[in-house]
Amino acid sequence: MGFADQRFNVNLSILFTELPLLERPAAAAAAGFTAVELWWPWVDSPTPKRSELDALKKAIEDAGVQLTGLNFYAGQLPGPDRGALSIPGEESARFRANIEVAAEFAGSLGCTALNALYGNRVEGVDPAEQDSLALENLVLAARAADRIGAILLVETLNERESPRYPLVTAPAGVAVVDKVNEASGLGNARFLMDLYHLSMNGEDLPRVIAAYADRTGHVQIADNPGRGAPGTGTLPLEELLDQLAKAGYEGWVGLEYKPGDRPSAEAFDWLPADARAAR
């Protein structure tokens, strides 16, 4: 086994960002990839104009790549925010306004995974109040995802880079997944296992994989330290992905790393060109 046996997609919100948004799908295709994922592309608007949605849809279709993952509105990302769904008031309302927009856009492109970032803790707000709001909004998101035949992803981040984000362990993320599935009755919530974030938290990655591979709906990778391409740090990513495969994970592996001080097109030398197309 090894990297050549995985199904990779390219995250166009962290790679190829030196290009305008509408040029990134074609750039990923030119690099040999046939699948891409995105954070919510319009950070200032949960409900962009139809013309903006249509333009991105056309760019993805014209490039001949498959959109395999999309974030719901998450505030300023990259930036200070880490989601909106647990934040009372305007941000929660913006998340709710985005749910059907994101689901419709994803569904129009055959995208079957929608990621909902939980949101930071807010000073002066009872965490229990935030958690209750989060569950309400996640159930709404799960229902929207179910209507397009998609899964809802819940992601764990790392405490060092996201100190106010409450889901900073694999068990915490999986616990929310279980609560959403119980509350919705749909069973379509899944854990997003980001090996970079988990490693930054100091978690035992082989143990996490053994415990939660069967509840994992998507995997993302970057090396550590540095959040660069595989081989720029010390994580045994090839071995970890092999372990995931042996544990039964057959889904996508999102390349969510920084290209460093080089064009993104040059940041894939670790992966043979003939192994980049989805299989």
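Ala265 approaches Phe16 most closely through the heavy-atom pair N-CE2, 3.8 Å. Considering every non-hydrogen atom in both Pro41 and Leu38, the closest pair reads CG-CD1, 4.2 Å. Scanning both residues, Val101 and Leu53, for their nearest heavy atoms gives CG1-CD1, 4.1 Å. The shortest heavy-atom contact between Ala144 and Glu100 is CB-OE2, 3.9 Å. The shortest non-hydrogen separation linking Gly228 to Tyr257 is O-CB, 3.3 Å. In terms of heavy atoms, Gly119 sits closest to Pro166 at O-CD, 3.3 Å.
Thr234 has its side chain out of reach of Asn224: every pair of non-hydrogen atoms, C-beta onward, lies at least 4.5 Å apart. Side-chain contact between Leu205 and Leu198: present, with at least one pair of heavy atoms (C-beta onward) separated by less than 4.5 Å. The side-chain heavy atoms of Leu237 and Phe3, taken from C-beta on, include a pair separated by under 4.5 Å. Considering only heavy atoms from C-beta on, Ile14 comes within 4.5 Å of Arg227 through its side chain. Side-chain atoms of Thr34 and Gln66, non-hydrogen and from C-beta on, never get closer than 4.5 Å to each other. Contact of the Phe33 side chain with the Phe268 side chain is registered, since non-hydrogen atoms from C-beta on lie closer than 4.5 Å. Taking 4.5 Å as the limit, every side-chain heavy atom of Val168 sits out of range of all side-chain heavy atoms of Asn158. Looking only at side-chain heavy atoms (C-beta outward), Pro206 and Gln243 come within less than 4.5 Å of each other.
Among pairs with a residue in residues 104-131, those fulfilling salt bridge (charged side-chain N to carboxylate O under 4.0 Å, His left out) read Arg50-Glu104, Arg121-Asp131, at least two apart in sequence or across chains.
Tested against Leu67, the residues Leu12, Thr112, Val36, Leu56 include a single side-chain contact (heavy atoms from CB on, under 4.5 Å) partner, Val36. Screening Ile99, Leu138, Leu117 against Leu85 for a side-chain contact (heavy atoms from CB on, under 4.5 Å) leaves a single residue, Leu138. In summary, of the residues considered (Gln6, Arg7, Met193), a side-chain contact (heavy atoms from CB on, under 4.5 Å) with Val253 occurs for Gln6 alone.
A distance of 9.0 Å separates CG in Leu109 from CG in Leu70, rounded to the nearest 0.5 Å. Taking CD of Glu238 as the start and CG of Asp5 as the end, the distance is 9.0 Å to the nearest 0.5 Å. Atom-to-atom distance recorded for Asp194:CG and Ile221:CD1 is 9.5 Å, nearest 0.5 angstrom. Summarising the geometry, atom NZ belonging to Lys258 is positioned 13.0 Å from atom CG belonging to Asp223; distances are rounded to the nearest 0.5 Å. Of the inter-residue distances, the one linking Phe105 atom CZ with Asn98 atom CG reads 11.5 Å to the nearest 0.5 angstrom. How far CG of Leu167 is from CZ of Phe191: 9.0 Å, rounded to the nearest 0.5 Å.
In terms of modelled atom types and a separation under 3.5 Å, the side chain of Asn11 and the main chain of Leu255 share no donor-acceptor contact. With hydrogens and angles ignored, the 3.5 Å screen pairs no side-chain donor or acceptor of Tyr118 with any backbone N or O of Glu155. At distances below 3.5 Å, not a single donor-acceptor pair connects side-chain atoms of Arg160 with backbone N or O atoms of Asn201. Remark: side-chain polar atoms of Thr216 are not paired, donor with acceptor, to backbone N or O of His218 under 3.5 angstrom. Within the 3.5 Å criterion, the main-chain N or O of Leu114 finds no donor-acceptor partner in the side chain of Asn71. A donor-acceptor pair is defined here as one N or O able to donate and one able to accept, closer than 3.5 Å; such a pair exists between the side chain of Asp242 and the backbone of Gly2. In this structure, the side chain of Thr232 engages the main chain of Ala229 through a donor-acceptor pair within 3.5 Å. No donor-acceptor pair closer than 3.5 Å links the side chain of Arg190 to the backbone N or O of Arg215. Between the side chain of Ser199 and the backbone N or O of Leu195, at least one donor-acceptor pair lies under 3.5 Å. Judged by distance alone, with hydrogens and angles left aside, the side-chain atoms of Ser162 form no donor-acceptor pair with the main-chain N or O of Tyr165 at under 3.5 Å.
The distance between the ring centers of Phe95 and Phe72 falls below 6.0 angstrom.
Partners of Ala35 by side chain to side chain contact (heavy atoms under 4.5 Å, CB included), not counting sequence neighbours, listed by chain and number: Asn9, Thr68, Trp252. For Thr156, the side-chain hydrogen bond (donor to acceptor under 3.5 Å, both in side chains) test picks out no residue, with sequence neighbours left out. With sequence neighbours left out, Glu136 forms a salt bridge (Lys or Arg N to Asp or Glu O under 4.0 Å) with Arg96. In terms of the salt bridge (Lys or Arg N to Asp or Glu O under 4.0 Å) criterion, residue partners of Lys58 (sequence neighbours excluded) are, by chain and number, Asp62.
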Applying side-chain contact (heavy atoms from CB on, under 4.5 Å) to Glu161 and His197, what does each step give before you reach the verdict?
CA-CA 9 Å; Glu161 295 173 332; His197 287 304; 4.1 Å; yes

Salt bridge (charged side-chain N to carboxylate O under 4.0 Å, His left out) between Lys57 and Glu52, worked out
CA-CA 9 Å; Lys57 182 175 185 288; Glu52 294 181 275; over 6 Å; no

Evaluate the side-chain contact (heavy atoms from CB on, under 4.5 Å) criterion for residues Leu133 and Ser92: first the C-alpha distance (whole Å), next the side-chain angles of each, then the deciding distance (0.1 Å), finally the verdict.
CA-CA 8 Å; Leu133 177 62; Ser92 173; 3.6 Å; yes

Given the rule in the salt bridge (charged side-chain N to carboxylate O under 4.0 Å, His left out) test, do Asp269 and Arg262 qualify, once you have shown the distances and angles that lead to the verdict?
CA-CA 12 Å; Asp269 51 357; Arg262 54 182 171 169; 3.7 Å; yes

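Under 3.5 Å, the side chains of Gln76 and Asp44 contain a donor-acceptor pair of N or O atoms. One side chain, Gln220 or Glu37, offers a donor N or O that lies under 3.5 Å from an acceptor on the other. In the model, Glu18 has a side-chain atom that pairs as donor or acceptor with a side-chain atom of Ser264 under 3.5 Å. Asp146 and Asn188 form no side-chain donor-acceptor contact under 3.5 Å, judged by distance and modelled atom types alone. In the model, Glu256 has a side-chain atom that pairs as donor or acceptor with a side-chain atom of Trp39 under 3.5 Å.
Side-chain heavy atoms closer than 4.5 Å link hydrophobic residues (I, L, V, M, F, W, Y) into clusters, and following such links, even through other members, never connects Val125 to Val176. Note on Leu152: it clusters hydrophobically with Leu135, by side-chain heavy-atom contacts below 4.5 Å among ILVMFWY residues. Note: the hydrophobic cluster containing Tyr73 also contains Leu21 (ILVMFWY, side chain heavy atoms under 4.5 Å, direct or indirect links).
Annotation: Glu159, atom CD; neighbour count of heavy atoms from other residues, nucleotides and ligands within 6.0 Å does not exceed 12. Atom CD of Glu23 has more than 12 neighbouring heavy atoms from other residues, nucleotides or ligands inside a 6.0 Å radius.
With respect to the salt-bridge test (charged N to carboxylate O, under 4.0 angstrom), the residues Glu91 and Arg94 qualify.
Under the 4.5 angstrom side-chain criterion for Ile, Leu, Val, Met, Phe, Trp and Tyr, the cluster partners of Met200 are Tyr196.
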